[in-house]
Every structure is written in C-alpha cells, then in structure tokens.
S.K.: 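A single structure is presented below for examination.
Predicted model, so just to flag it, every value in this text is computed and none were measured. Here is how names work: the chains are called A, B, and so on, in the same order as the sequence lines, proteins then strands, and each is numbered from 1.
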Amino acid sequence: MFCEKAMELVRELHRAPEGQLPAFNEDGLRQVLEEMKALYEQNQSDVNEVKSGGRSDLIPTIKFRHCSLLRNRRCAVAYLYDRLLRIRALRWEYGSILPNALRFHMSAEEMEWFNHYKKSLATYMRSLGGDEGLDITQDMKPPKSLYIEVRCIKDYGEFEVDDGTSVLLKKNSQHFLPRWKCEQLVRQGVLEHVLS
Amino acid sequence: MTEELDLTGQDSDVGSEEVVLTPAELIERLERAWMNEKFAPELLESKSEIVECVMEQLDHMEENLRRAKKGDLKVSIHRMEMERIRYVLSSYLRCRLMKIEKFFPHILEKEKTLHEGELSSLSPEELVFAKQYMANTETYLKNVALKHMPPNLQTVDLLRSVPKPDLDSYVFLRVKERQENILVEPETDEQRDYVIDLEEGSQHLIRYKTIAPLVASGAVQLI
C-alpha cells in the first residue's frame, strides 16, 4: 500500500519518548521521495491518457495517487519538523556543545540547522542589554538557597570565596559554597552539585 | 529590600510616559508581565522597556555589591534578591521565545499586516530572531525534502501546517479594574451569548479570547 514508509517514519518518532532523538532515517526518507516520484510519473502519463485518449475512467486513480502524494509529503515534513523541535530542545538541555552520541544521530543538514539556531539565539541573548547580555539558558529553576553543597570532580586549584579565604578544589573534596560563585564551575564540569 | 541599597540618582524611565518607578514597582511590573505571559496562550505585547530597566537595575545592584564590605550579611540577602529577579526575567524571556518558535508563521504574518497605531508583539531583537528561525527552518525543509519532490508539491504553506495558538483555552484571572458588560460568546450551538460584569478583586476562570483585550490594557491579571 502507498505511504507505508512515510507512516513508518512518523511511527518511529511517535515511539521515541520526548527529548530522545533516534538516528536520522536517511534511507526511509529516500524511499518516501522515490515513491513520490513514481506516483507522480504514473499520474503524469495517466493525465495525458485522459486528455488525449479520453480515458476519464482513470480519473479516480489519478485522484487517489494525488492523495497519496499529499500524505507522503505531510508525513515526511512532519518527521523532519518534529526532529528539528527535538534538536532545538537539545540546545536548551545540553548547551552549545552536544554530546557525541547525539551528534551521530543527526544528519549534516540538521547539524547546520542547529548551528544557525545556536547563533541566532546567541545574538538575541547578547542584545538583551548590559555588557554581555543575559544568558537565559541559565537560571532554569527558581533559586532555592544561597549556599549549595558541591563535590569537586576535577582538580581545579585555589578558589577564592567572598570573605577573602580561599578553598582548595581538589578532586573528590566536598564544599559548602555560595551558589552564584559555583554556577560557572558547575557548568564547566569542575564541580558537581550534591543533592542530599 | 532593594530600596535599602544606595540607589540615589537612579530613576527608571518607562518609555514615553516619563513615569518614574521605584525599583520595587519595576519588579512588580516585571512579575505581572511574567505571569501574564506564562498563562496567556498567545504571544503578548513586547515589554522591552521593562526588560531594559530590569537589566539596568541588575547592573546597579551588581555594582553596589562589589563596593560593599565583604562578609556583610546584607550582601548575601541582596545576592538572593538578584538571583530571584534574574530568574523571573529569564523565565519571562524564555516563555516569549518558546511562543515565538511555536507560532512563528502566524506571528510573522501578523507583523507584516500591522495597522496604524497597533503595537508590535515583538521587540526588534525578537523580530530578527523570528525571521532567522523561519528562514532557517524553511531552507532546511526545502533542501532536505521539498526540492526532491514533484514540481507541483514543492511549497508547503506554513501558515496552514503550523498550528495557531488556541485562544479558546481557559485561563484564571483576577480583576484589577471593574469591567461592565463583557460579552461572553457561546461555545456550543445550544448556548446563547450572555453578558457579565467583572467586579474589582474577583477571580474568574474564563476563555482567553473573551478577555484578551483586558489583559493587554492591564484591567485583569492572569494568575
């Protein structure tokens, strides 16, 4: 039956839980496009038959193929668009640099879209005033406490705290530090927020 | 709390109204804009003046904190205040961006057909972002799929394919200014439209479409 492959693409995404990005089904998309080409060519020749040979009995078949073409297009575009939405979510979840595992699931064009999106977002955030603008991908949750418990995952060295004293950030050491001082280091992966 | 800081000589001008707001009033306006934006199904008017003033405010607070005595207890409390303000501002801007991305064809179409005196719902920077988002997505779809399709099927009307905001969704609101004779349209054919009055201070659960202009004017607050 027509549009089977297109439906498969849609089902594939429907099955993937929100936020997950399965590998780009290049083969599947290619098959949908090939089916569309075949349907179109069959329709073209049938339309000629109708016009020159008066074969108006072909009209229902032509209409049916046209509907299949529209459905194929709708499924293909839905598949691609939904993937873009998932990729967009990755920027907000992981930051500008995506983990390798995810990058392998993206096509080259998707990567390009992602890069354009990143740049657009960065330009917007910079325009928000002040010297560097405002990074709205931070502060995702309302701040609950002033100080947080952190564990050091990498050796960092001396770290100065507000009242002039400094702390030695050595791997596996745990500290109770002001939240705003740590945020940068948590993002960089030097510190890890310990949730008790 | 922010008034305790040394903020002499800092006045916040709000647009062409030349209204001078205290920091507390500014933050209150930000919180109201934030709640309205969170609960409204469509993108509301851009409040760039508030955003600008709050950014300035945060800069001032940062300045003052840097000059303050280290280890002073007040420093921690003001820090917390700053974090809260930054959270509200970020959340507000994030909410707007999400709506812009979700409804981009409709929002950009509306921008094209703005009438005299109508206010844009996008700040200039948001407009640039929206246009870039649209161009990026259109180019991608064209290159990956559409240009490989039969000639008569190569354009997709995004206005028809991308869903519009659901203005019939229900919202909670609190009435700030008394309103009379609000026309409530029927939802089903069996119902008839009726008229209600909104008393000041009362709270309601109502379809967004009915009270959309009141949100814009500030007569009601979404909660």
Side-chain angles (χ1 to χ4, degrees), chain A residues 29-30 32-34 36-37 39-41 43-44 66 69-70 72-74 76-81 84-85 88 92 107 109-110 112-117 119-121 123-131 133-143 145-147 161-164 178-180, chain B residues 48 51-56 58-59 62 69-72 75-77 79-94 96-98 100-102 123-126 128-133 135-137 139-141 143-146 148-154 156 158 161-162:
Chain A
L29 182 64
R30 193 178 41 80
V32 172
L33 292 172
E34 273 169 13
M36 286 181 79
K37 182 158 179 260
L39 285 169
Y40 180 72
E41 283 168 358
N43 259 6
Q44 288 245 290
H66 187 68
L69 280 167
L70 288 175
N72 269 331
R73 180 177 71 173
R74 187 177 176 179
V77 175
Y79 173 75
L80 295 170
Y81 189 70
L84 287 187
L85 295 181
R88 177 259 184 209
W92 289 83
S107 71
E109 292 85 2
E110 284 180 331
E112 210 185 308
W113 185 91
F114 179 74
N115 288 333
H116 283 286
Y117 178 75
K119 226 164 75 160
S120 207
L121 183 62
T123 307
Y124 170 73
M125 294 199 293
R126 245 198 323 268
S127 76
L128 288 170
D131 305 313
L134 181 69
D135 185 354
I136 57 176
T137 64
Q138 301 303 314
D139 304 302
M140 295 294 266
K141 296 210 184 80
S145 59
L146 281 175
Y147 283 75
V161 190
D162 266 343
D163 51 3
R179 162 203 292 277
W180 65 89
Chain B
S48 330
V51 173
E52 261 171 53
C53 291
V54 173
M55 286 297 291
E56 261 176 47
L58 285 173
D59 279 342
E62 183 73 51
K69 231 187 335 184
K70 285 199 191 238
D72 197 348
V75 169
S76 308
I77 299 179
R79 266 289 165 210
M80 193 62 171
E81 176 82 1
M82 272 183 71
E83 298 222 340
R84 285 206 194 98
I85 295 173
R86 208 182 12 242
Y87 167 74
V88 173
L89 182 61
S90 296
S91 183
Y92 170 67
L93 294 171
R94 272 196 296 268
R96 287 182 62 85
L97 270 193
M98 277 199 308
I100 290 173
E101 291 175 3
K102 197 164 175 192
S123 73
E125 297 79 21
E126 284 172 342
V128 169
F129 178 82
K131 287 188 173 158
Q132 286 173 345
Y133 188 80
N136 195 14
T137 307
T139 308
Y140 170 78
L141 289 175
N143 288 336
V144 175
L146 295 176
H148 304 291
M149 291 189 183
N152 62 332
L153 290 167
Q154 285 184 3
V156 169
L158 287 174
S161 336
V162 175

S.K.: Who among M36(A), K119(A), K37(A) has the most heavy-atom pairs with chain B under 4.5 Å?
M.R.: M36(A)

S.K.: Is it the backbone or the side chain of Y117(A) that comes under 4.5 Å from a heavy atom of chain B, or both, or neither?
M.R.: both

S.K.: Identify which part of E125(B) has an atom lying under 4.5 Å from any heavy atom of chain A, answering side chain, backbone, both or neither.
M.R.: both

S.K.: As an exercise: rank T137(A), L39(A), T123(A), L121(A) by heavy-atom pairs under 4.5 Å with chain B and give me the winner.
M.R.: L121(A)

S.K.: So for F129(B), is it side chain, backbone, both, or neither that comes closer than 4.5 Å to the heavy atoms of chain A?
M.R.: both

S.K.: Checking the side chain of N136(B) only, and the main-chain atoms of W113(A) only, is there a donor and an acceptor separated by less than 3.5 Å?
M.R.: yes

S.K.: Quick one: of V162(B), N152(B), N143(B), who has the most non-hydrogen atom pairs under 4.5 Å with chain A?
M.R.: N152(B)

S.K.: Does any N or O in the side chain of Q154(B) come within less than 3.5 Å of the main-chain N or O of M149(B), such that one atom is a donor and the other an acceptor?
M.R.: yes

S.K.: CE of M55(B) to CG of L89(B): how many Å apart, nearest 0.5 Å?
M.R.: 6.5 Å

S.K.: Given 3.5 Å as the limit, does a donor-acceptor pair link the side chain of T139(B) with the main chain of A135(B), or not?
M.R.: yes

S.K.: Quick check on the interface: out of V156(B), L97(B), V51(B), who has the most heavy-atom pairs with chain A under 4.5 Å?
M.R.: L97(B)

S.K.: Return the CG to OG1 distance between L80(A) and T137(B), rounded to the nearest 0.5 Å.
M.R.: 11.5 Å

S.K.: Can you tell which part of L128(A) gets under 4.5 Å to a heavy atom of chain B, answering side chain, backbone, both or neither?
M.R.: both

S.K.: Measure the spacing between CG of L93(B) and CE of M98(B) and express it to the nearest 0.5 Å.
M.R.: 11.5 Å

S.K.: Got a second to check how far I136(A)'s CD1 is from M125(A)'s CE, nearest 0.5 Å?
M.R.: 6.0 Å

S.K.: Let me know if L141(B) has heavy atoms under 4.5 Å from chain A in its side chain, its backbone, both or neither.
M.R.: side chain

S.K.: Select one option (side chain, backbone, both, neither) describing which atoms of L146(B) are under 4.5 Å from chain A's heavy atoms.
M.R.: side chain

S.K.: Among A78(A), S107(A), P142(A), S127(A), which residue has the highest count of heavy-atom pairs closer than 4.5 Å to chain B?
M.R.: P142(A)

S.K.: By a 4.5 Å heavy-atom criterion (distance strictly below it), what part of R30(A) contacts chain B: side chain, backbone, both, or neither?
M.R.: neither

S.K.: Using a strict threshold of under 4.0 Å (side-chain N to carboxylate O), is an ion pair present between E81(B) and R86(B)?
M.R.: no

S.K.: For chain B, which of E41(A), R88(A), E112(A), Q44(A) has the most heavy-atom pairs under 4.5 Å?
M.R.: R88(A)

S.K.: Counting only heavy atoms closer than 4.5 Å, note whether M140(A) contacts chain B via side chain, backbone, both or neither.
M.R.: both

S.K.: Take atom NE2 in H148(B); do more than 12 heavy atoms of anything else shown fall under 6.0 Å from it?
M.R.: yes

